[in-house]
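Worksheet: one structure, shown below.
The figures here come from the full heavy-atom set of this structure, side chains too, leaving out hydrogens, waters and symmetry mates.
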Amino acid sequence: MPSKMSWFNREIMLQIGRSTGWVSVVYFLGLLFILPIQLLMIYSDETERVYQDTDNLFRYNFEFQIGIIAVVPIILAVFLLRFLHAKQAADLMHSLPLKRDRIFHHYVLTGMLFLIIPVAAVTFIILLMHNTLDLSSLFSVKDIFYWAGTTTVITLLLYTAAVFIAMMTGMSTVQAVLSYVFLFFPVGITLLMFYNLKILLYGFPSDYFISRQLEKLSPLAYAAVLDSKTFHWNDGVLYIILIIVLYGLALLLYKKRYLERASEAIAFPKLRSVFKYGVTFCMMLLGGSYFHAVSFNSNNWTIFGYAIGAVLGYFAAEMILQKTWRVFSRVKGLIIYLAIIAVVGIGVQILGIYENKIPEEAEIKNVILSNNFGYYMADDDVYSEFYSPLPMKEKANIEAVRKLHKQIVADKKINQQRQDDRSVNFFFRYEMKDGSYLTRGYTINERLYEEFFKPIYESKEYKLTNKEVFKLKENKIKKLTIGGNGPITKGVTLSNPDDIKAAITALRQDVLAESYEDSLYFEGKGSMVEVYVGSDHYLNFEIKPTYHHFTEWLKQKELLKGTMVTADDITHVLVAKRDTSVTAELENIKNEVEKSTDKLDINDKEQIQKMLDNASPNSNHEYMAVFYYHFGDYFEVMFFDEKHAPDFIKEQFK
């Protein structure tokens, strides 16, 4: 026997190749058909080639790419480490004169090669195609290496995660299931925790937290958006570190693992309680979330959901661990668990420390109040600079926001019971003078708090920090389009820098002058301005009837009739008193107005124009009107309240 054994064992490598090499071959063939052959098909079809405009190889057969990336590494790890989960195979392998770390390195490193070689081969083929065929219009060499590097890093992370899980279980099927659970766990538990914290803690801003690049918590979720988002180098470095860490932990567990644990669901006894109560906790959160949603926020059904979820999770985990369904006598642990959860839940509700915390004005540096989804959009989103509001620093606004916040907290029960289609999500974010932040989110009916919103909305600081029009840089605007917002199509496109600057200036003047009441009354009414801030990115702004500066500028440029609906587009208008029993469908309202015995038929152009300038698209007003257009059978239903209804309408329905 040689005094020094070679680290490389040829027989083990051949055994690994015979048993699992087919996975690598299937992986290569899958990638070959998904990318190189697809690219050849595009190249051979000149018409198809014209419509291909992408610099991201993940966009070609993306669904198939993600499918093979998500499945192959896990399958490979399951088959590669099958010997750990079969007692005879485990005894045979560990009877060889090899240390465990050498066995581990042979198997796991070979598996890595089985994943790397197919990607390298396909990368070489695509590079060869790029150099010999005219594919530079589709992608660059840099794009090829980006695809190869991203695919390799993500598949190796999925693979090492499955290897890590393999060391903690004694069953291949459990390994496969737990591998996906482990990979999705960061995203899944985060979603469940945030959603349930929103249920338990009034004001918890779950939507705010959930929408901040949550996909990065899971490599599978991150892979699912590779066709639209860039895989950054810092994420790649983090994934490589995780690969090394999981590899090291897997090796450590393998050295400590007992051979007789084969066929056990969890190979380490100390981890069984973690598994059991982890499943119980997750199922409890899932049950509570489900019943809270389907019961329309009923507290009783939510509590029932938590209880039934915990019971199902506890006994399901016991069945897996005991490998039998006869586990219903093991209730002691469940009773203790439910008692602890009940005490914690009741304590949180009674104390109300989180819900009632509103910082004092002296502690606040600035505050953000927003109902805009852009407030919690991803930082790398192209629109984030426009839609993300800036903080307000004026004392009057800070105090006004605090007053609104206090009233919302005081109306907790009302707001939780009165959520409807008029409810809006509002977010409060305070930055403290000590550098900390306090964030809250509430779903409220804005109409109930008009007196609190009015001084905030009408302040110049609020509009400058929240309205997208003030964040535009005129020199970066490519063009803007002004078009009618109604049944007929009107529009004009401006690209002259002077016209663009004048239009934006007029629009800003009108936004600054707009009252809070008008912003609500005319919301969704009027023409639209599309401002193009990139090749395929644009922002939309409403042109409301109260925007006099902008309307006057359109008149001066002789663009008014070409961009906005005027009385000349209308044949006549029928007006009737609002019947609250009529459903909100526009066709039903139109029929009700036409059938009404007490209705007003208006043909005078001046009166029609006044109605156009005062009508609201919001249906919760006193008068309903049907505007009939010259073109075809087009009509539009709008409404008036007592304040905005013209005198000739109010006289008719005295």
Side-chain angles (χ1 to χ4, degrees), residues 185 187-211 214 276-317 331-358 369 371 373 376 404-429 438-449 452:
F185 182 77
V187 172
I189 194 63
T190 302
L191 287 171
L192 284 173
M193 287 294 295
F194 284 162
Y195 188 83
N196 282 273
L197 285 172
K198 184 179 181 180
I199 296 173
L200 298 172
L201 300 175
Y202 183 60
F204 185 82
S206 60
D207 295 336
Y208 168 78
F209 292 118
I210 286 172
S211 301
L214 195 63
K276 179 167 63 176
Y277 291 107
V279 172
T280 304
F281 183 70
C282 291
M283 285 296 293
M284 181 189 72
L285 296 182
L286 184 61
S289 302
Y290 173 77
F291 279 95
H292 184 263
V294 299
S295 67
F296 303 102
N297 307 340
S298 167
N299 289 332
N300 292 333
W301 279 108
T302 301
I303 294 171
F304 172 78
Y306 284 132
I308 198 69
V311 171
L312 291 176
Y314 181 85
F315 286 120
V331 296
K332 182 180 178 181
L334 177 62
I335 293 172
I336 295 173
Y337 171 85
L338 291 175
I340 293 172
I341 292 297
V343 170
V344 172
I346 293 171
V348 169
Q349 292 295 314
I350 291 175
L351 294 174
I353 297 172
Y354 180 91
E355 298 178 353
N356 298 323
K357 183 172 178 56
I358 300 174
L369 172 67
N371 67 341
F373 184 77
Y376 46 90
L404 170 64
H405 193 174
K406 283 182 179 179
Q407 190 61 46
I408 292 174
V409 172
D411 296 340
K412 172 183 174 180
K413 291 184 178 179
I414 297 174
N415 290 326
Q416 288 180 328
Q417 294 171 359
R418 294 190 59 174
Q419 293 185 13
D420 52 33
D421 56 355
R422 297 179 193 172
S423 297
V424 182
N425 290 328
F426 273 91
F427 293 90
F428 298 76
R429 192 180 194 200
L438 186 145
T439 306
R440 296 291 186 269
Y442 304 94
T443 302
I444 61 172
N445 186 334
E446 187 176 351
R447 304 279 180 175
L448 300 176
Y449 298 92
F452 295 94

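In this structure the side chain of Pro205 never reaches within 4.5 angstrom of the side chain of Phe428, judged on heavy atoms. Contact of the Phe427 side chain with the Asn371 side chain is not registered, since no non-hydrogen atoms from C-beta on lie closer than 4.5 Å. Counting only heavy atoms from C-beta outward, the side chains of Tyr306 and Leu200 approach each other to under 4.5 Å. Inter-residue side-chain proximity for Val331 and Phe315 is flagged as met; some heavy-atom pair is nearer than 4.5 Å. Within the 4.5 Å cutoff, no side-chain heavy atoms of Asp411 are placed close to those of Leu448. Side-chain contact between Met283 and Val279: present, with at least one pair of heavy atoms (C-beta onward) separated by less than 4.5 Å. Contact of the Ile444 side chain with the Ser423 side chain is not registered, since no non-hydrogen atoms from C-beta on lie closer than 4.5 Å. When side chains are defined from C-beta on, Met193 counts as touching Phe281, because their heavy atoms get closer than 4.5 Å.
Residues Ser289 and Leu192 share a closest heavy-atom pair of OG-CD2, 4.1 Å. A pairwise comparison of heavy atoms in Cys282 and Phe185 identifies SG-CE1, 4.0 Å as the closest pair. Between Asn415 and Ile408 the shortest heavy-atom distance is ND2-O, 3.5 Å.
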| said: Please evaluate residues Trp301 and His292 with respect to the criterion side-chain contact (heavy atoms from CB on, under 4.5 Å), reporting the C-alpha separation (whole Å), side-chain torsions for both, the decisive distance (0.1 Å), and the verdict. | reply: CA-CA 7 Å; Trp301 279 108; His292 184 263; over 6 Å; no

| said: Assess the residue pair Thr443 and Asn425 against the criterion (side chain to side chain donor-acceptor pair (under 3.5 Å)); give the C-alpha distance rounded to whole Å, side-chain angles, the decisive distance to 0.1 Å, and a yes or no. | reply: CA-CA 4 Å; Thr443 302; Asn425 290 328; 2.6 Å; yes

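The side-chain contact (heavy atoms from CB on, under 4.5 Å) test with Lys332 is passed by exactly one of Ile335, Ile336, Leu334: Ile336.
Here the OH atom belonging to Tyr314 is positioned 14.5 Å from the CE atom belonging to Met284, to the nearest 0.5 angstrom. Residue Thr280 holds its OG1 atom at 10.0 Å from CG of Leu312, rounded to the nearest 0.5 Å. Taken from OH in Tyr442 to NZ in Lys198, the straight-line distance is 12.0 Å, to the nearest 0.5 Å. For the atom pair Leu197 CG and Leu285 CG, the distance stands at 8.5 Å (nearest 0.5 Å). Rounding to the nearest 0.5 angstrom, the gap separating the OH atom in Tyr195 from the OG atom in Ser206 is 8.0 Å. Here CG of Leu201 is found 11.0 Å from CD1 of Ile353. Values are rounded to the nearest 0.5 Å.
Checked against the 6.0 Å centroid criterion, the rings of Tyr354 and Tyr202 do not qualify as a close aromatic pair. Note: Phe304 and Phe291 meet the aromatic proximity criterion, with ring centroids under 6.0 Å apart.
With a 6.0 Å cutoff to the six-membered ring centre and a 45° limit on the axis angle, Arg440 does not count as a cation-pi contact of Phe426.
Scored by the salt bridge (charged side-chain N to carboxylate O under 4.0 Å, His left out) test, Lys412 finds Glu355 as partners (sequence neighbours excluded). Remark: Asn299 pairs with no residue by the side-chain hydrogen bond (donor to acceptor under 3.5 Å, both in side chains) rule, at least two apart or across chains.
For Phe194, the CZ atom counts as densely surrounded, since its 6.0 Å shell holds more than 12 non-hydrogen atoms of other residues, nucleotides or ligands. Enclosure of atom OH in Tyr290 is not indicated, since only 12 or fewer non-hydrogen atoms of other residues, nucleotides or ligands lie within 6.0 angstrom.
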